[in-house]
Amino acid sequence: MKFAYKFSNLLGAFYRHGNLCFSKDGNSAISPVGNRISVFDLKNNKSETLPASTTKNISCLGISPDGNLAILIDEDGAAILVSLVTRAVLHHHHFHSPVHSVSFSPDGRKFVITKENVALMYHAPGRNREFNAFALDKSYYGPFDETTCIDWTDDSKCFAVGSKDMTTWIFGAERWANLIYYSLGGHKDIIVGCFFENDSLDMYTVSQEGTLCVWESDTELEGLRKGPKYSERKKMEEEKKKREEGESNEDDDVEDIVGEDGETRGDVIKGSADTPKQVEGIKNVRYSQRSKHYFNKAGDFNKLTAAAFHKKTHILVTGFASGAFHLHELPEFDLIHSLSISDQRISTIAMNPTGDWIGFGCSGLGQLLVWEWQSESYVFKQQGHFNNMNSLAYSPDGQYLVTGGDDGKVKVWNTNSGLCFVTFTEHSSGVTNVAFTSSGFVVVSASLDGTVRAFDLHRYRNFRTMTSPRPAQFSSLAVDSSGELVCAGSQDSFEIFLWSMQTGRLLEVLSGHEGPVSNLCFSPVQSVLASVSWDKTVRLWDMLDSWQTKETLRLTSDGLAVTYRPDGQELAVASLDGEITFWTPQTGGQTGSIAGRHDLQMGRKETEKITAKQSAKGKSFTSLCYSADGESILAGGQSKFVCIYNIKEHVLMKKFEISCNLSLDAMEEFLDRRKMTEFGSLSLVDEGTGDGDGVELSLPGVKRGDMSSRRFIPEIRVSSLCFSPTGRSWAAASTEGLLIYSLDASLVFDPYDLDMDVTPASIRQQMKKKEWASAILLSFRLNEMPLIREVLEAVPYDQITVVCSSLPDVYVDKLLNFVASTLEKSNHLQFYLSWAQCLLTLHGQKLKNRSGAVLPTVQQLLKSIQRHSDDLSKLCDWNIYNIRYAAALSKQRGMKRTAAESLSDEEEEEEEEVEMDSGGDEENIYNE
């Protein structure tokens, strides 16, 4: 059971490359992150990364109009069809060349992809189970260069395709007699976006030099007519030619592709410079340029990089290479507002179905932003580490994760939502190590800038900065169990510096190592510090006895990582020769070793001259972490694999492949021989102009572009590992981001004390007899989670105390563990809290005696309770504010009603007085 972990979420990465999409209801943003996609729930402030992955980085994605299906296409053109409901991969397809864009028709029956200079229309996968879910319908030719963007009319009758040849082509999705194809020009640069007007054939085209063209059609959508079939048209034209000239030898604009097997593959619509021939009695669709607008002022040149248009609100959003964006109302081109949101180019823009929220993706910094343009505020603003992530640590309750990266930032993440809620930017160089104190409210970080900083998670500030007498680059960090002592190891002076957290004063400089200090770790139960160094030693320092060296452990190679078991009775050390050795700290004796060099299974980098098998001999583990129960150990290094070993047996239990993304270096064991030439590997050749920011391949002497920008492939590696204190998940900081692996209880059958009589039928029989304790014991012996939940929820509320008191000690731990895990996702909050309260009250003393084994379960329980408390407090606060608002509103209306009534009473009194006066006047007149 303890090795049944599966990938559950990806943190630290929000956007890499490709296009953003919104869900059907507009409350979730779907973003490509490497070779996976993440779904960000903007209403509930949560994120989820789908387990489905492509073989390379995703270049474009399309979401069906009903929001149930997604097509993910990678850099090579390999596509997968994913269900957003079940999160399962439904179909694989390969387009055999890079795809630039994909878009479903609004009615959901077709989808179009653009690759090279062709647009391919496919039948969209439906509810029928087809053998081939991607059936080609038509191929559309016309552009002379690569295609860039797609847009559909609202009724799915036509679609437009933009191209790098500065033209926009409009094609009929069906066989229209008056619109087969139409080409629009008017631009001097690449087309970035082309958009149809709402319920119209009118168009807007936007190009990279910052020009907007407004095109007006002389035909409405209802004016599209279905003429004779193409075969009939061909016959009619041939007969006409024969009659007029007596010869016929012309090709029509439409022909069929016939495969080698004689089967029709689909229609081909070929565009040409000539206008399509007009069918008698039907007038062809014509376009005219209504107006032309420019985004850049005179003298400025700001490259337009992305655009999006919302048809119902007529809002056009354009993003630029400077990081600014503009909002215009069309067709008048009135500027609503403009704002700079980044110092890098905006790579993609998307608008949600209601048009209220605008999503921006910046691939340079890995930023994802959602902006509400009416209130001019951020709905969502997240950014990962845009350099390597070096270190991570869990908080004591498992609620939070802290990470440090080469960008000098320290980020704190919520493990429930998967989002970063605070970023500390005080460090001026790369952060090498991070740690939580035992209270869970202080984060400590060490950096190459020569400082160790402590951050307060209550006030979100850097309240303590610790430095050394001489400048030193700190490569390792440790905080003792009391949170009072902080120590950091230097990689240039070979010393360990010790500070007091309370005062920030330097207490001692520990000397003795003859090489850089690679890692530090405090004992969880004693004031003993373990330090490992490149001088092939592990030193144990006694913090209570004048900081003297208590023990020196000799290694066979340079030491890289050291960690204590949670009970402090064992020490694990990883060395440069690929071995993990285990020591007893009290005696200094070695208890065992694991040769894990061959388990790393390295890949071969593009630039390496030796095979992967040979290079693996020089690799080793750089990060170690014990599981919460101390029975197994996680190990990772410069490899795509994380290994988990059983310590008692010294055997490999499982290997986790953290990535299958071939866009990263050192992923494959063998290089592709098809890419090898006499000059080297073709994969090292930088083709094209990159993503628009790199050095452009221009004429000699033209100085334009950033000459310092380099194209490099990041190498796969695991820089840090950490087990959650709850024991139900572990995290790995890798090139891909922060990967979370959680226990997968649904796929494991792990019975306990199973017997022939223990069956679901016998358990339900005990439930009918109302033998609740017996039913619970039998269900735990069978150990099927749904059955345990069924039995527990059938127990009457007033019988919980009686059942808990009659449980044997062995089953108390199991029941408490089940309650802790179920409470996290269950809606029966009071019911499961009553179980937890009874178990802890009645068996508290016995649980305390075996606290080491029960601690992860209690921490999981605390985490679940804390999460529910946060959610409920927000809900209660929201309800209180709504009630106060309603009360104030009713009070205000009551005051208005009272004022109106008093005003009407005064008017009535005045009217009565006037009537009385008029009545008196009439009497006077009568008397006269």
Side-chain angles (χ1 to χ4, degrees), residues 18-22 59-62 99-104 106 112-114 119 142-143 145-154 158-171 182-198 200-215 287 289-296 302-322 324-331 333 335-336 338 345-353 355 358-363 373 691-692:
N19 60 300
L20 285 175
C21 289
F22 278 93
S59 61
C60 58
L61 66 96
V99 173
H100 303 109
S101 53
V102 58
S103 177
F104 276 88
V112 171
I113 65 110
T114 60
D145 205 342
E146 291 182 355
T147 47
T148 56
C149 53
I150 309 169
D151 191 51
W152 286 84
T153 55
D154 288 335
C158 304
F159 66 92
V161 174
S163 171
K164 287 186 177 180
D165 66 359
M166 301 173 285
T167 60
T168 303
W169 290 75
I170 301 164
F171 295 106
Y182 202 98
S183 177
L184 303 173
H187 290 282
K188 299 178 182 177
D189 210 337
I190 297 169
I191 303 297
V192 174
C194 55
F195 312 103
F196 282 103
E197 182 57 89
N198 190 31
S200 171
L201 281 172
D202 296 349
M203 280 216 70
Y204 305 105
T205 55
V206 182
S207 61
Q208 203 172 69
E209 90 276 10
T211 305
L212 167 72
C213 288
V214 181
W215 304 92
Y287 276 89
Q289 192 180 92
R290 182 174 159 187
S291 59
K292 197 170 186 178
H293 306 282
Y294 300 94
F295 291 94
N296 295 318
N302 191 5
K303 191 181 288 185
L304 193 149
T305 55
F309 177 66
H310 193 262
K311 296 180 182 181
K312 292 180 180 177
T313 56
H314 306 284
I315 299 294
L316 175 71
V317 189
T318 48
F320 295 86
S322 63
F325 76 91
H326 297 335
L327 252 74
H328 288 88
E329 188 174 5
L330 298 183
F333 198 67
L335 180 66
I336 297 172
S338 62
R345 69 192 289 268
I346 295 174
S347 307
T348 181
I349 300 176
M351 295 188 77
N352 75 334
I358 308 167
F360 299 96
C362 304
S363 58
W373 64 273
D691 60 357

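Just so it is clear, the values below take in all heavy atoms, side chains as well, and ignore hydrogens, waters and symmetry mates. As the structure is a computational prediction, the values presented were derived from the model and not from experiment.
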**OP:** Sort out for me which residue in W169, W215, Y182 forms a ring-ring contact (aromatic ring centres under 6.0 Å, His included) with Y287.
**Re:** Y182

Original post:
Where the side chain of T153 meets the backbone of C158, is there a donor-acceptor pair that is under 3.5 Å apart?
Top reply: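 Yes; at least one donor-acceptor contact below 3.5 Å.
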
Original post:
Counting distance only, does the side-chain N/O of T348 pair as donor-acceptor with the main-chain N or O of G361 below 3.5 Å?
Top reply: no

Subject >> Non-neighbouring partners of H310 that pass ring pair (Phe, Tyr, Trp, His ring centres under 6.0 Å), sequence neighbours left out >> reply: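 H310 satisfies ring pair (Phe, Tyr, Trp, His ring centres under 6.0 Å) with no other residue.
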
Subject >> Qualifying residues under ring pair (Phe, Tyr, Trp, His ring centres under 6.0 Å), relative to W373, sequence neighbours excluded >> reply: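 Expected list: none.
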
**OP:** List the steps and the verdict of side chain to side chain contact (heavy atoms under 4.5 Å, CB included) for W152 and F196.
**Re:** CA-CA 7 Å; W152 286 84; F196 282 103; 5.8 Å; no

With heavy-atom distances below 4.5 Å as the criterion, would you say the side chains of [X] and [Y] are in contact?
X	Y	result
T148	T114	no
C194	M203	yes
V214	H293	yes

Original post:
Please walk me through it: do T318 and F295 pass side chain to side chain contact (heavy atoms under 4.5 Å, CB included)?
Top reply: CA-CA 9 Å; T318 48; F295 291 94; 3.6 Å; yes

Original post:
So with a 6.0 Å cut-off around NZ of K292, is the heavy-atom count from everything else above 12?
Top reply: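 Enclosed.
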
**OP:** Using only heavy-atom distances, determine whether the side chains of H187 and Q208 contain a donor-acceptor pair under 3.5 Å.
**Re:**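 No, no side-chain donor-acceptor pair sits under 3.5 Å.
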
